[in-house]
Amino acid sequence: MKIKIKNVLPALVIFSALATNVQAELAPIDDAELSNAVAQGGLYLSGEFSLNEEGGPIQDATYGDCTDDKRCGARFSYKLGGNDSNGWYVIDDWKGGLSFEGLTIRTRKVDGNQRDVTGQLVDNSGNPVSDAGAIALGVNDGFGGDGASFNKEVLEIGLPSSVKFDEYQYTLGYASHASPTEVPTGETFQQTNIYGVFIDGQVNMSGNMLIFPTADK
Amino acid sequence: MKTPVAILSCLFFSACANADMAPMTDEDMSEVDGAGLGIVLEDFSLHAGAETDNASLFKITGIKTTDGRDVNIEVDNFFIGGKGSANFVDNGNGTSSFVVDPTTVNIGRLNNPIAVNLRDGDDIDVRAPNKGVLEIAHTELVAIDNDPVWIGATMDPCLKAGAAECSKFASREAVDGGFRGERIDVGLELNAKFQTAAGSTDFDSDTPLTIYMKEAVFDGSYTRLWGDQTKTGSETDSDAQRNITLANVRLNLYTPDIYIASCGLDGTSCGDAVHIKHFALDLIVGVGEIQPAALSVTSDGNFQLEVEALPNPTTPEGTRRLQLIRDDQSDGMTWAATDKDFYENYYNDTIPGVKTKSNLYIGDPTIANPTFETAGGLQVGDTYLGTSKIEGIQIQYLKMTTHDIGG
């Protein structure tokens with residue numbers, strides 16, 4: 001697969017909870033150690049991302065700064081293999097911003113009991129209890145009674161309550177060459193745009209995405 | 001939490017690792033049959049583009065009329081939620097209002113989640129020998145009363161009368177005041193806006209269409225993708241082999257109610273709605289490696305989707321593909337004893353592990369004020385359109401190519 005990214009200028013990326021470049025040595029953790037790990041806390045992320053708001057870094061006959069008819073969004077194109085009889089999939093004129101608040105990442109034990117965010121067993125009032133006093137929730141476990149038999153750790157991604165889009169847009173198309181500026185002499189550039197998407201405003205969400213390994217199929 | 005940060009920083013700053021990477025062959029890949037990823041959305045809802053605050057806008061652009069005017073399709077009030085996420089409320093004057101307030105839902109079950117798997121192409125239900133196949137699958141279909149078929153004899157009573165059979169999918173119904181269930185309410189308002197003149201910034205008045213689907217079940221749906229250096233069925237021996245994405249797709253959808261209504265822009269003055277009770281679709285696109293859907297981009301920049309025709313034994317290309325079937329037999333994958341049996345199995349939908357036929361069932365469409373039913377009243381003055389059933393559709397051949405018509 002060949003991938004080409006052109007004319008990209010991400011203006012701002014903030015991940016407030018991410019530390020600066022951390023240097024650490026990675027060592028594998030075996031299953032036994034993993035099973036002893038109890039999650040403490042997690043990550044809370046908010047972020048803002050803006051792409052080519054005032055045009056990309058390339059200024060030439062094809063690409064411009066959004067004040068004229070030239071393309072000012074980023075261009076992402078890829079094709080399968082190096083064979084010349086294949087064309088390119090293209091995401092073109094990709095620009096705009098998006099921001100989100102309150103994306104959380106943590107691990108969590110899902111079983112038939114009730115726990116707080118630190119993994120501590122709690123009663124219905126949220127007070128810590130010992131294992132023996134855990135509240136078995138049965139069908140009220142949020143999974144219709146699937147929790148007790150599941151009994152595993154999952155990675156929980158808490159979806160941000162809202163994602164704001166600021167004139168976020170792109171066009172999906174197919175092209176004969178990676179970019180209109182990279183056409184060999186004697187060949188013509190062709191691109192078919194299928195549709196464009198434009199989002200401006202807020203998307204409200206709730207819920208968690210739980211990710212876990214499944215058994216061999 | 002040092003480890004995840006270190007992993008993230010490796011993703012962003014790739015200097016951490018220094019390793020020699022060697023490509024894996026298709027044979028290597030097909031031997032990989034690892035554990036997949038399960039995904040469950042818990043307590044989930046999504047709501048975008050609520051027209052009432054007039055601040056959210058999701059639109060699809062790029063369509064033009066023949067005289068060069070832009071047509072924008074605006075999507076408002078797009079939502080995914082649980083049972084009762086939206087409602088038609090009777091205004092008392094023959095119209096109704098469409099009110100959206102998404103409740104939450106689980107999508108996928110812990111013991112039967114949405115799964116992303118690398119499947120072994122030698123598996124009898126995948127049938128892409130010697131290939132590694134990426135599968136994205138919804139909750140698996142669980143046999144209902146030992147009937148593994150989506151719209152089989154068992155589902156018939158459900159589709160006709162909404163009998164207890166309808167509640168037997170792996171994705172469960174919501175319990176009033178209890179468990180939120182795994183069935184999805186989904187709806188949106190489509191609004192086609194025509195530019196008043198080419199180049200103008202004005203768009204003409206709105207023509208919105210509201211579509212609302214209640215408690216939908218998608219059990220057994222999947223998309224399988226793999227790649228091959230090959231050519232599509234319509235290409236001849238002189239065509240060069242290309243790298244093509246091959247796909248098998250199955251879309252299962254059951255919903256007890258679909259409403260299609262025309263409402264005012266603010267959703268307050270909906271007229272009569274087309275109400276379809278018990279809609280079921282079982283759509284098969286592509287059968288293993290013998291009749292895959294091929295996705296490719298041609299060298300002149302046009303997208304091409306082709307579902308190959310069955311191999312024609314009188315052509316060299318057809319003979320080559322029939323040979324693939326015979327080679328598969330030696331891999332232990334039974335298609336049929338002979339070429340003739342293969343065609344017989346294909347048309348009778350009796351190839352082990354895979355289905356070749358699609359079905360569509362539309363039960364009881366009516367046109368009426370959408371609030372009559374929720375108010376518990378009789379459907380007086382509605383128009384009953386009858387039941388339709390389309391069974392045993394087989395895609396013999398399909399080819400779609402985009403063409404740039406300029407403008």
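Chain naming here is simple, since letters A, B, ... match the order of the sequence lines and numbering starts at 1 in each. Quick caveat, the model's predicted, so the values are computed rather than measured.
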Applying a strict 4.5 Å limit to non-hydrogen atoms, the region of Asn193(A) in contact with chain B is neither
Full working for side-chain contact (heavy atoms from CB on, under 4.5 Å) between Leu172(A) and Val90(A):
CA-CA 6 Å; Leu172(A) 185 75; Val90(A) 178; over 6 Å; no
Can you establish whether the number of heavy atoms outside Lys70(A) located under 6.0 Å from its atom NZ is more than 12?
yes
Heavy-atom cut-off 4.5 Å, strictly under: side chain, backbone, both or neither for Ile63(B) against chain A?
neither
Winner by heavy-atom pair count (cut-off under 4.5 Å) against chain A, out of Leu41(B), Ile39(B), Asp43(B), Val40(B)
Val40(B)
So which part of Tyr89(A) gets closer than 4.5 Å to some heavy atom of chain B, the side chain, the backbone, both or neither?
both
Is chain B contacted by the side chain of Leu159(A), its backbone, both, or neither, given a heavy-atom distance below 4.5 Å?
side chain
Side chain, backbone, both or neither: which part of Gln191(A) has an atom under 4.5 Å from a heavy atom of chain B?
backbone
Would you mind telling me which of Phe150(A), Trp88(A), Phe143(A), Tyr195(A) has the largest number of heavy-atom pairs within less than 4.5 Å of chain B?
Phe143(A)
Are the side chain of Ser45(B) and the backbone N or O of Gly81(B) linked by a donor-acceptor pair below 3.5 Å?
no
Taking the six-membered ring of Tyr222(B), is the NZ or CZ of Arg224(B) close enough (under 6.0 Å from the centre) and on axis enough (within 45°)?
yes
What part of Val110(A) gets closer than 4.5 Å to chain B, counting heavy atoms only: side chain, backbone, both or neither?
side chain
Determine whether Glu156(A) and Lys109(A) satisfy the following criterion, salt bridge (Lys or Arg N to Asp or Glu O under 4.0 Å), listing intermediate values before the conclusion.
CA-CA 10 Å; Glu156(A) 177 196 279; Lys109(A) 173 93 180 225; over 6 Å; no
Among Asp146(A), Asn204(A), Ile199(A), which residue forms the greatest number of heavy-atom pairs with chain B at distances under 4.5 Å?
Asp146(A)
Scanning both residues in full, the closest heavy-atom pair of Leu37(B) with Asn117(B) reads N-OD1, 4.4 Å
